[in-house]
Amino acid sequence: MTNDRHSSRRQKLIQAIRKGGIAGLLVSNSKNVSYLTGFTGEDSYLLIGPTNVQIFSDSRFETQLQMECPGVPAMIRNSKTTMIEFLAQELIKHKLPNLGIEATSMTVDVRDNLADKLGSVTLVAKTGLVEELRQIKDAGEIEELRLAVDQAERGFSIMKSMLMPTMTERQAAHDLEHGMRRFGALKAAFEPIIAVGDHGALPHYRAGLRRFEESTFVLCDWGAVSPQGYHSDLTRVWSTGKVPPKLLRIYGVVLNAQQAAIAAIRPGVKCQDVDRVARAVIEEAGYAKYFGHGLGHGIGLDIHEGPRLSPISSEVLKPGMVVTVEPGIYLPGIGGVRIEDDVVVTRDGYEVITSVSRELGG
Ligand code: ZN
Ligand code: ZN
(Lines give C-alpha, C1' and ligand atoms only; values in the text may rest on other atoms or scores of the structure.)
(Ligands and ions follow the chains in the order given, each with its own letter.)
Protein backbone atom coordinates (compact mmCIF):
# COMPACT_ATOMS: atom_id res chain seq x y z
CA MET A 1 0.00 0.00 0.00
CA THR A 2 1.29 3.44 -0.81
CA ASN A 3 2.00 6.26 1.57
CA ASP A 4 -0.73 8.32 -0.09
CA ARG A 5 -3.33 5.89 1.08
CA HIS A 6 -2.18 6.19 4.70
CA SER A 7 -1.97 9.95 4.55
CA SER A 8 -5.50 10.23 3.16
CA ARG A 9 -6.71 8.02 6.03
CA ARG A 10 -4.98 10.39 8.45
CA GLN A 11 -6.69 13.36 6.82
CA LYS A 12 -10.08 11.70 7.35
CA LEU A 13 -9.21 11.00 10.96
CA ILE A 14 -8.21 14.64 11.50
CA GLN A 15 -11.69 15.68 10.39
CA ALA A 16 -13.18 13.27 12.95
CA ILE A 17 -10.80 14.63 15.61
CA ARG A 18 -11.98 18.18 14.89
CA LYS A 19 -15.62 17.10 15.09
CA GLY A 20 -14.89 15.23 18.32
CA GLY A 21 -13.75 18.42 20.05
CA ILE A 22 -10.25 17.21 20.89
CA ALA A 23 -6.87 18.72 20.02
CA GLY A 24 -5.41 15.38 18.98
CA LEU A 25 -5.69 11.62 19.39
CA LEU A 26 -3.09 9.30 20.89
CA VAL A 27 -3.58 6.07 18.92
CA SER A 28 -2.55 3.07 21.00
CA ASN A 29 -4.28 0.18 19.20
CA SER A 30 -1.49 -1.34 17.07
CA LYS A 31 -3.88 -2.23 14.23
CA ASN A 32 -5.08 1.36 14.13
CA VAL A 33 -1.47 2.59 14.10
CA SER A 34 -0.78 0.25 11.22
CA TYR A 35 -3.92 1.33 9.34
CA LEU A 36 -2.90 4.99 9.62
CA THR A 37 0.82 4.68 8.89
CA GLY A 38 1.68 1.32 7.31
CA PHE A 39 3.92 0.47 10.29
CA THR A 40 3.47 -3.20 11.21
CA GLY A 41 5.33 -3.35 14.55
CA GLU A 42 3.88 -3.14 18.06
CA ASP A 43 4.27 -1.22 21.32
CA SER A 44 4.17 2.13 19.55
CA TYR A 45 1.89 5.14 19.85
CA LEU A 46 0.78 7.56 17.14
CA LEU A 47 -0.05 11.16 17.97
CA ILE A 48 -2.26 12.68 15.36
CA GLY A 49 -3.95 16.06 15.25
CA PRO A 50 -4.57 19.03 12.98
CA THR A 51 -1.04 20.32 13.51
CA ASN A 52 1.02 17.25 14.25
CA VAL A 53 1.70 13.63 13.47
CA GLN A 54 4.38 11.68 15.30
CA ILE A 55 5.00 8.06 16.10
CA PHE A 56 6.59 7.08 19.43
CA SER A 57 8.50 3.84 19.49
CA ASP A 58 11.70 2.18 20.69
CA SER A 59 14.98 1.22 19.07
CA ARG A 60 13.79 -2.25 18.01
CA PHE A 61 11.62 -0.57 15.40
CA GLU A 62 13.83 2.31 14.29
CA THR A 63 14.82 0.83 10.90
CA GLN A 64 11.41 -0.71 10.30
CA LEU A 65 9.75 2.67 10.82
CA GLN A 66 12.03 4.29 8.25
CA MET A 67 11.17 1.55 5.77
CA GLU A 68 7.45 1.28 6.37
CA CYS A 69 6.39 4.85 7.03
CA PRO A 70 9.10 7.31 6.03
CA GLY A 71 6.55 10.15 5.92
CA VAL A 72 5.75 9.98 9.64
CA PRO A 73 8.31 11.54 12.01
CA ALA A 74 9.45 8.86 14.48
CA MET A 75 10.50 9.58 18.05
CA ILE A 76 12.62 6.79 19.51
CA ARG A 77 12.91 6.49 23.27
CA ASN A 78 16.15 5.43 24.87
CA SER A 79 16.32 2.40 27.11
CA LYS A 80 16.61 4.48 30.31
CA THR A 81 13.13 5.95 29.94
CA THR A 82 9.83 4.10 30.14
CA MET A 83 7.37 4.54 27.30
CA ILE A 84 4.95 6.44 29.55
CA GLU A 85 7.66 8.86 30.75
CA PHE A 86 8.83 9.36 27.18
CA LEU A 87 5.29 9.94 25.90
CA ALA A 88 4.59 12.46 28.66
CA GLN A 89 7.86 14.34 28.03
CA GLU A 90 7.16 14.61 24.32
CA LEU A 91 3.42 15.23 24.46
CA ILE A 92 3.79 18.06 26.94
CA LYS A 93 5.91 19.95 24.37
CA HIS A 94 2.87 20.24 22.10
CA LYS A 95 0.99 22.28 24.75
CA LEU A 96 -2.31 20.62 23.88
CA PRO A 97 -5.29 21.57 26.11
CA ASN A 98 -6.58 18.02 25.89
CA LEU A 99 -5.79 14.74 24.19
CA GLY A 100 -8.06 11.94 23.03
CA ILE A 101 -7.11 8.40 24.01
CA GLU A 102 -8.49 5.12 22.66
CA ALA A 103 -10.77 3.83 25.41
CA THR A 104 -10.96 0.30 24.01
CA SER A 105 -7.22 -0.30 23.86
CA MET A 106 -5.50 1.79 26.56
CA THR A 107 -5.39 0.13 29.96
CA VAL A 108 -6.60 2.02 33.03
CA ASP A 109 -3.09 1.69 34.43
CA VAL A 110 -1.48 3.43 31.43
CA ARG A 111 -4.20 6.09 31.39
CA ASP A 112 -3.74 6.91 35.09
CA ASN A 113 0.02 6.93 34.81
CA LEU A 114 -0.02 9.17 31.77
CA ALA A 115 -2.60 11.55 33.26
CA ASP A 116 -0.39 11.86 36.32
CA LYS A 117 2.66 12.83 34.30
CA LEU A 118 0.81 15.08 31.84
CA GLY A 119 -0.52 17.33 34.59
CA SER A 120 -2.86 19.91 33.07
CA VAL A 121 -3.55 18.06 29.79
CA THR A 122 -7.00 16.48 30.07
CA LEU A 123 -7.23 12.97 28.65
CA VAL A 124 -10.54 12.39 26.85
CA ALA A 125 -11.65 8.78 26.32
CA LYS A 126 -12.80 8.21 22.73
CA THR A 127 -14.22 5.08 21.15
CA GLY A 128 -14.25 3.98 17.52
CA LEU A 129 -12.76 7.03 15.75
CA VAL A 130 -10.32 4.95 13.70
CA GLU A 131 -12.51 1.84 13.71
CA GLU A 132 -15.26 3.82 12.00
CA LEU A 133 -12.90 4.65 9.11
CA ARG A 134 -11.73 1.03 8.94
CA GLN A 135 -15.28 -0.15 8.18
CA ILE A 136 -15.03 1.19 4.63
CA LYS A 137 -12.42 -0.75 2.70
CA ASP A 138 -10.57 0.73 -0.26
CA ALA A 139 -9.73 -1.27 -3.40
CA GLY A 140 -6.36 -2.43 -2.02
CA GLU A 141 -7.95 -3.72 1.17
CA ILE A 142 -10.64 -5.59 -0.76
CA GLU A 143 -7.87 -7.25 -2.80
CA GLU A 144 -6.19 -8.31 0.45
CA LEU A 145 -9.47 -9.76 1.71
CA ARG A 146 -9.88 -11.69 -1.57
CA LEU A 147 -6.38 -13.05 -1.02
CA ALA A 148 -7.24 -14.08 2.56
CA VAL A 149 -10.34 -15.88 1.23
CA ASP A 150 -8.32 -17.63 -1.47
CA GLN A 151 -5.72 -18.79 1.06
CA ALA A 152 -8.47 -20.07 3.36
CA GLU A 153 -10.24 -21.92 0.55
CA ARG A 154 -7.06 -23.54 -0.76
CA GLY A 155 -6.10 -24.64 2.74
CA PHE A 156 -9.58 -26.08 3.19
CA SER A 157 -9.32 -28.19 0.00
CA ILE A 158 -5.96 -29.54 1.09
CA MET A 159 -7.32 -30.42 4.53
CA LYS A 160 -10.36 -32.18 3.06
CA SER A 161 -8.28 -34.17 0.60
CA MET A 162 -6.18 -35.46 3.50
CA LEU A 163 -9.06 -36.44 5.82
CA MET A 164 -9.19 -40.00 7.07
CA PRO A 165 -11.83 -41.60 9.31
CA THR A 166 -9.33 -42.24 12.11
CA MET A 167 -8.14 -38.63 12.26
CA THR A 168 -9.19 -36.32 15.09
CA GLU A 169 -10.70 -32.86 14.75
CA ARG A 170 -7.45 -31.42 16.06
CA GLN A 171 -5.32 -33.19 13.46
CA ALA A 172 -7.56 -31.85 10.70
CA ALA A 173 -7.31 -28.34 12.18
CA HIS A 174 -3.52 -28.68 12.03
CA ASP A 175 -3.65 -29.71 8.34
CA LEU A 176 -5.98 -26.80 7.63
CA GLU A 177 -3.68 -24.23 9.20
CA HIS A 178 -0.65 -25.76 7.52
CA GLY A 179 -2.46 -25.69 4.15
CA MET A 180 -3.35 -22.01 4.50
CA ARG A 181 0.25 -21.14 5.36
CA ARG A 182 1.47 -23.17 2.38
CA PHE A 183 -0.53 -20.78 0.20
CA GLY A 184 0.98 -17.69 1.78
CA ALA A 185 -1.26 -16.93 4.75
CA LEU A 186 0.53 -15.42 7.74
CA LYS A 187 -1.48 -17.68 10.02
CA ALA A 188 -5.01 -18.87 10.74
CA ALA A 189 -7.44 -15.99 11.40
CA PHE A 190 -8.40 -17.80 14.64
CA GLU A 191 -8.06 -21.32 15.97
CA PRO A 192 -10.17 -23.27 13.44
CA ILE A 193 -13.40 -24.79 14.69
CA ILE A 194 -13.70 -28.35 13.45
CA ALA A 195 -16.66 -30.09 15.03
CA VAL A 196 -17.67 -33.68 14.34
CA GLY A 197 -21.28 -34.73 15.05
CA ASP A 198 -23.06 -33.02 17.93
CA HIS A 199 -19.97 -30.90 18.70
CA GLY A 200 -21.35 -28.72 15.90
CA ALA A 201 -24.15 -27.66 18.25
CA LEU A 202 -21.62 -25.65 20.29
CA PRO A 203 -21.17 -22.44 18.29
CA HIS A 204 -17.72 -21.76 19.71
CA TYR A 205 -16.32 -25.25 20.00
CA ARG A 206 -12.65 -25.46 18.88
CA ALA A 207 -11.24 -28.77 17.71
CA GLY A 208 -10.81 -31.69 20.03
CA LEU A 209 -10.05 -35.37 20.06
CA ARG A 210 -13.20 -36.75 18.44
CA ARG A 211 -12.47 -38.82 15.33
CA PHE A 212 -14.21 -38.33 12.00
CA GLU A 213 -15.44 -41.94 12.00
CA GLU A 214 -17.67 -41.16 15.01
CA SER A 215 -20.23 -39.27 12.92
CA THR A 216 -21.19 -38.54 9.33
CA PHE A 217 -21.56 -34.79 9.91
CA VAL A 218 -18.84 -32.14 10.20
CA LEU A 219 -18.84 -28.36 10.75
CA CYS A 220 -15.74 -26.28 10.01
CA ASP A 221 -15.36 -22.53 10.74
CA TRP A 222 -12.01 -21.11 9.70
CA GLY A 223 -10.17 -18.25 8.03
CA ALA A 224 -6.75 -17.00 6.98
CA VAL A 225 -4.72 -13.85 7.65
CA SER A 226 -3.28 -12.34 4.46
CA PRO A 227 0.29 -10.99 4.36
CA GLN A 228 -0.95 -7.47 5.13
CA GLY A 229 -3.02 -8.66 8.06
CA TYR A 230 -6.54 -8.99 6.63
CA HIS A 231 -8.84 -11.76 7.90
CA SER A 232 -11.21 -14.07 6.04
CA ASP A 233 -13.91 -16.04 7.87
CA LEU A 234 -15.92 -18.97 6.46
CA THR A 235 -18.05 -21.84 7.73
CA ARG A 236 -19.05 -24.99 5.89
CA VAL A 237 -20.80 -28.18 6.95
CA TRP A 238 -20.54 -31.43 5.07
CA SER A 239 -21.46 -35.03 5.35
CA THR A 240 -19.38 -38.15 4.91
CA GLY A 241 -22.36 -40.48 4.65
CA LYS A 242 -26.05 -40.55 5.48
CA VAL A 243 -27.14 -37.29 7.11
CA PRO A 244 -29.54 -37.49 10.08
CA PRO A 245 -32.92 -36.15 8.76
CA LYS A 246 -33.09 -33.34 11.36
CA LEU A 247 -29.72 -31.99 10.24
CA LEU A 248 -30.71 -32.27 6.60
CA ARG A 249 -33.80 -30.21 7.35
CA ILE A 250 -31.99 -27.44 9.24
CA TYR A 251 -29.34 -27.35 6.55
CA GLY A 252 -32.03 -26.37 4.01
CA VAL A 253 -33.43 -23.73 6.37
CA VAL A 254 -30.03 -22.17 7.12
CA LEU A 255 -29.07 -22.07 3.45
CA ASN A 256 -32.36 -20.36 2.54
CA ALA A 257 -31.92 -17.87 5.38
CA GLN A 258 -28.36 -17.10 4.28
CA GLN A 259 -29.21 -16.66 0.61
CA ALA A 260 -32.19 -14.41 1.41
CA ALA A 261 -30.03 -12.23 3.69
CA ILE A 262 -27.22 -11.93 1.14
CA ALA A 263 -29.75 -10.87 -1.51
CA ALA A 264 -30.92 -8.08 0.82
CA ILE A 265 -27.44 -6.50 1.03
CA ARG A 266 -26.99 -3.13 -0.64
CA PRO A 267 -25.98 0.39 0.38
CA GLY A 268 -28.53 2.22 2.53
CA VAL A 269 -29.98 -0.93 4.14
CA LYS A 270 -29.90 -1.11 7.93
CA CYS A 271 -27.76 -3.91 9.33
CA GLN A 272 -30.60 -4.97 11.63
CA ASP A 273 -32.84 -5.39 8.58
CA VAL A 274 -30.41 -7.80 6.93
CA ASP A 275 -30.33 -9.76 10.19
CA ARG A 276 -34.12 -9.74 10.27
CA VAL A 277 -34.39 -11.27 6.78
CA ALA A 278 -32.40 -14.33 7.85
CA ARG A 279 -34.06 -14.53 11.26
CA ALA A 280 -37.53 -14.49 9.67
CA VAL A 281 -36.72 -17.55 7.52
CA ILE A 282 -35.44 -19.43 10.58
CA GLU A 283 -38.42 -18.36 12.73
CA GLU A 284 -40.86 -19.37 10.00
CA ALA A 285 -39.35 -22.87 10.03
CA GLY A 286 -39.79 -23.05 13.83
CA TYR A 287 -36.14 -22.79 14.91
CA ALA A 288 -36.01 -19.22 16.26
CA LYS A 289 -34.71 -20.27 19.66
CA TYR A 290 -31.85 -22.25 18.11
CA PHE A 291 -30.32 -19.20 16.38
CA GLY A 292 -28.92 -17.21 19.29
CA HIS A 293 -26.17 -15.11 17.72
CA GLY A 294 -26.08 -12.15 15.34
CA LEU A 295 -26.10 -12.74 11.58
CA GLY A 296 -22.61 -11.44 10.86
CA HIS A 297 -19.81 -8.94 11.38
CA GLY A 298 -17.31 -6.84 9.49
CA ILE A 299 -13.89 -8.36 8.68
CA GLY A 300 -10.61 -6.57 8.04
CA LEU A 301 -7.52 -6.04 10.17
CA ASP A 302 -9.57 -7.69 12.93
CA ILE A 303 -11.57 -10.90 12.62
CA HIS A 304 -14.56 -9.17 14.23
CA GLU A 305 -15.08 -5.50 13.46
CA GLY A 306 -17.85 -3.15 12.45
CA PRO A 307 -20.44 -3.15 11.18
CA ARG A 308 -22.35 -5.82 13.11
CA LEU A 309 -25.31 -7.50 11.46
CA SER A 310 -27.49 -8.09 14.50
CA PRO A 311 -31.02 -7.38 15.73
CA ILE A 312 -29.73 -4.40 17.75
CA SER A 313 -27.38 -2.87 15.18
CA SER A 314 -28.45 0.60 14.05
CA GLU A 315 -25.63 0.87 11.49
CA VAL A 316 -26.38 1.31 7.79
CA LEU A 317 -24.54 -0.55 5.01
CA LYS A 318 -22.22 1.53 2.84
CA PRO A 319 -20.17 0.66 -0.27
CA GLY A 320 -16.81 -0.81 0.72
CA MET A 321 -18.02 -2.54 3.86
CA VAL A 322 -17.14 -6.24 3.97
CA VAL A 323 -19.27 -8.46 6.18
CA THR A 324 -19.81 -12.12 6.97
CA VAL A 325 -23.28 -13.60 6.64
CA GLU A 326 -23.51 -16.60 8.94
CA PRO A 327 -26.89 -17.79 10.14
CA GLY A 328 -26.92 -21.01 12.16
CA ILE A 329 -29.22 -23.46 13.89
CA TYR A 330 -27.86 -25.49 16.80
CA LEU A 331 -29.71 -28.52 18.14
CA PRO A 332 -28.16 -29.66 21.44
CA GLY A 333 -27.12 -33.30 21.41
CA ILE A 334 -27.74 -33.61 17.66
CA GLY A 335 -25.56 -31.13 15.81
CA GLY A 336 -25.46 -27.70 14.27
CA VAL A 337 -25.46 -26.06 10.90
CA ARG A 338 -23.87 -22.69 10.16
CA ILE A 339 -23.04 -21.44 6.67
CA GLU A 340 -20.76 -18.41 6.50
CA ASP A 341 -19.65 -16.38 3.50
CA ASP A 342 -17.83 -13.06 3.09
CA VAL A 343 -19.67 -10.33 1.21
CA VAL A 344 -18.54 -6.94 -0.13
CA VAL A 345 -21.12 -4.15 -0.21
CA THR A 346 -20.77 -2.67 -3.71
CA ARG A 347 -22.14 0.60 -5.08
CA ASP A 348 -25.39 -1.00 -6.14
CA GLY A 349 -25.61 -4.29 -4.27
CA TYR A 350 -23.20 -6.94 -3.10
CA GLU A 351 -20.49 -9.34 -4.19
CA VAL A 352 -19.84 -12.67 -2.47
CA ILE A 353 -16.06 -13.13 -2.42
CA THR A 354 -16.06 -16.67 -1.01
CA SER A 355 -16.61 -19.47 -3.48
CA VAL A 356 -15.97 -22.87 -1.85
CA SER A 357 -18.93 -25.22 -2.45
CA ARG A 358 -21.88 -25.13 -0.04
CA GLU A 359 -22.95 -28.65 -1.08
CA LEU A 360 -23.48 -31.06 1.78
CA GLY A 361 -22.08 -33.98 -0.13
CA GLY A 362 -18.58 -32.61 -0.46
ZN1 ZN B 1 -16.46 -17.90 11.26
ZN1 ZN C 1 -17.69 -14.95 11.60
Side-chain angles (χ1 to χ4, degrees), residues 5 8-22 25 29 31-32 35-36 100 102-104 125-146 148-149 223 230-234 256-283 288 291-328 338-354:
R5 185 167 287 150
S8 89
R9 290 172 184 170
R10 294 198 296 271
Q11 288 310 314
K12 285 186 188 147
L13 179 61
I14 287 169
Q15 288 171 23
I17 286 171
R18 283 204 169 100
K19 269 195 207 155
I22 43 175
L25 180 70
N29 175 324
K31 286 178 180 171
N32 289 346
Y35 178 77
L36 295 163
E102 296 193 295
T104 49
K126 290 283 177 187
T127 306
L129 287 181
V130 186
E131 286 81 355
E132 181 107 354
L133 300 178
R134 280 173 44 189
Q135 290 193 12
I136 311 288
K137 273 74 184 177
D138 62 31
E141 292 181 286
I142 292 174
E143 278 318 300
E144 274 296 296
L145 285 164
R146 286 184 203 277
V149 165
Y230 285 78
H231 296 65
S232 57
D233 188 5
L234 299 90
N256 286 340
Q258 195 218 22
Q259 296 301 301
I262 291 174
I265 290 180
R266 63 178 180 280
V269 172
K270 275 193 195 157
C271 291
Q272 58 182 233
D273 291 341
V274 181
D275 178 283
R276 189 175 305 134
V277 168
R279 215 163 286 280
V281 174
I282 290 173
E283 267 170 33
F291 175 30
H293 57 76
L295 179 66
H297 52 87
I299 48 173
L301 289 171
D302 279 313
I303 180 66
H304 295 121
E305 51 180 65
R308 305 278 162 169
L309 304 184
S310 83
I312 53 167
S313 170
S314 57
E315 293 167 298
V316 171
L317 292 177
K318 296 190 186 113
M321 287 178 165
V322 184
V323 293
T324 68
V325 179
E326 49 176 310
R338 180 168 63 256
I339 306 173
E340 176 175 27
D341 284 277
D342 300 343
V343 182
V344 177
V345 183
T346 62
R347 281 209 288 207
D348 52 5
Y350 65 89
E351 185 196 351
V352 179
I353 58 171
T354 36

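Quick note: residue numbers are just sequence positions, from 1.
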Undergrad: Could you check whether R5 pairs with E144 (Lys NZ or Arg NE/NH1/NH2 to Asp/Glu carboxylate O, under 4.0 Å)?
TA: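 E144 and R5: not salt-bridged.
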Undergrad: If the condition is side-chain hydrogen bond (donor to acceptor under 3.5 Å, both in side chains), which residues does R279 pass it with, not counting sequence neighbours?
TA: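 Applying side-chain hydrogen bond (donor to acceptor under 3.5 Å, both in side chains) to R279 gives D275.
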Undergrad: Distance-only, no hydrogens or angles: does the E132 side chain make a donor-acceptor pair with backbone N or O of L129 under 3.5 Å?
TA: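 No, E132 side chain to L129 backbone: no donor-acceptor pair under 3.5 Å.
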Undergrad: Contact between N29 and V130 at the side-chain level, heavy atoms closer than 4.5 Å - yes or no?
TA: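 No, their side chains stay 4.5 Å or more apart.
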Undergrad: Run the numbers on V344 and Y350 for side chain to side chain contact (heavy atoms under 4.5 Å, CB included), then give the verdict.
TA: CA-CA 6 Å; V344 177; Y350 65 89; over 6 Å; no
Undergrad: Could you measure the distance from the CD1 atom of I265 to the CE atom of M321? Nearest 0.5 Å is fine.
TA: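 The distance works out to 11.5 Å.
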Undergrad: What are the two closest non-hydrogen atoms of V269 and A264, and how far apart are they?
TA: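 Looking at all heavy atoms of both residues, the shortest contact is CG2-O, 3.7 Å.
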Undergrad: Looking at CZ of R338 and CG of L234, how far apart are the two atoms once the value is rounded to the nearest 0.5 Å?
TA: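 Reported value, rounded in 0.5 Å steps: 11.5 Å.
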Undergrad: Pairs in or reaching into residues 291-316: which pass salt bridge (Lys or Arg N to Asp or Glu O under 4.0 Å), with residues at least two apart or in two chains?
TA: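 Every pair satisfying salt bridge (Lys or Arg N to Asp or Glu O under 4.0 Å) with a residue in residues 291-316: K31-D302, R134-D302, R134-E305, K137-E305.
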Undergrad: When you measure from the side chain of E326 to the backbone N and O of G296, does any donor-acceptor pair fall under 3.5 Å?
TA: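 No, the answer is negative, given that no donor and acceptor are paired below the 3.5 Å cut-off.
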Undergrad: Write down the atom of P327, the atom of I282, and the distance for their closest heavy-atom approach.
TA: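 For P327 and I282, the tightest heavy-atom pair comes out as CB-CD1, 4.0 Å.
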Undergrad: Enter the distance from D341:CG to T324:OG1 here, rounded to the nearest 0.5 Å.
TA: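 Result: 9.5 Å between the selected atoms.
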Undergrad: When rounded to the nearest 0.5 angstrom, what is the spacing between CG in D273 and CG in L295?
TA: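 Going from CG on D273 over to CG on L295, the span is 12.0 Å.
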Undergrad: Would L317 and V343 satisfy side chain to side chain contact (heavy atoms under 4.5 Å, CB included), going step by step from the backbone distance to the final call?
TA: CA-CA 12 Å; L317 292 177; V343 182; over 6 Å; no
Undergrad: Going through the distances and angles, do N32 and E131 end up as a side chain to side chain contact (heavy atoms under 4.5 Å, CB included)?
TA: CA-CA 7 Å; N32 289 346; E131 286 81 355; 3.1 Å; yes
Undergrad: Heavy atoms only: give me the nearest V274-A261 pair and the separation to one decimal.
TA: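 Closest approach of V274 to A261, heavy atoms only: CG1-O, 3.6 Å.
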Undergrad: Evaluate side chain to side chain contact (heavy atoms under 4.5 Å, CB included) for H231 paired with H304, printing each intermediate quantity in order.
TA: CA-CA 9 Å; H231 296 65; H304 295 121; over 6 Å; no
Undergrad: Rounded to the nearest 0.5 Å, what separation is found between the NZ atom of K126 and the OG1 atom of T104?
TA: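 Going from NZ on K126 over to OG1 on T104, the span is 13.0 Å.
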Undergrad: Knowing that exactly one of I303, D342, L145 qualifies, which makes a side chain to side chain contact (heavy atoms under 4.5 Å, CB included) with S232?
TA: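 Single pass found, and it is D342.
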Undergrad: Answer yes or no: is there an ion pair linking E351 with R146, defined by an N-O contact shorter than 4.0 Å?
TA: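 Yes, charged N to carboxylate O under 4.0 Å.
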Undergrad: What closest approach, in Å, do A148 and Y230 show between heavy atoms, and which atom pair accounts for it?
TA: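 Heavy atoms only, the tightest pair is CB-O, 3.5 Å.
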Undergrad: Which heavy atom of G349 sits nearest to which heavy atom of P267, and what is that distance?
TA: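 Shortest heavy-atom separation between G349 and P267 comes out as N-CD, 3.8 Å.
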Undergrad: Output the distance between atom CD (E143) and atom CD1 (I353), rounded to the nearest 0.5 Å.
TA: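 Between E143 CD and I353 CD1, I get 9.0 Å after rounding to 0.5 Å.
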Undergrad: Shortest non-hydrogen contact from I136 to P319?
TA: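 Shortest heavy-atom contact: CG2-O, 3.5 Å.
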Undergrad: Keeping R10 on the side-chain end and L36 on the backbone end, is there a donor-acceptor pair under 3.5 Å?
TA: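 At least one qualifying donor-acceptor pair exists.
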Undergrad: Can you tell me if R9 uses its side chain to pair, donor with acceptor, with the backbone of L133 under 3.5 Å?
TA: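 Flag not set: sc R9 to bb L133 has no pair under 3.5 Å.
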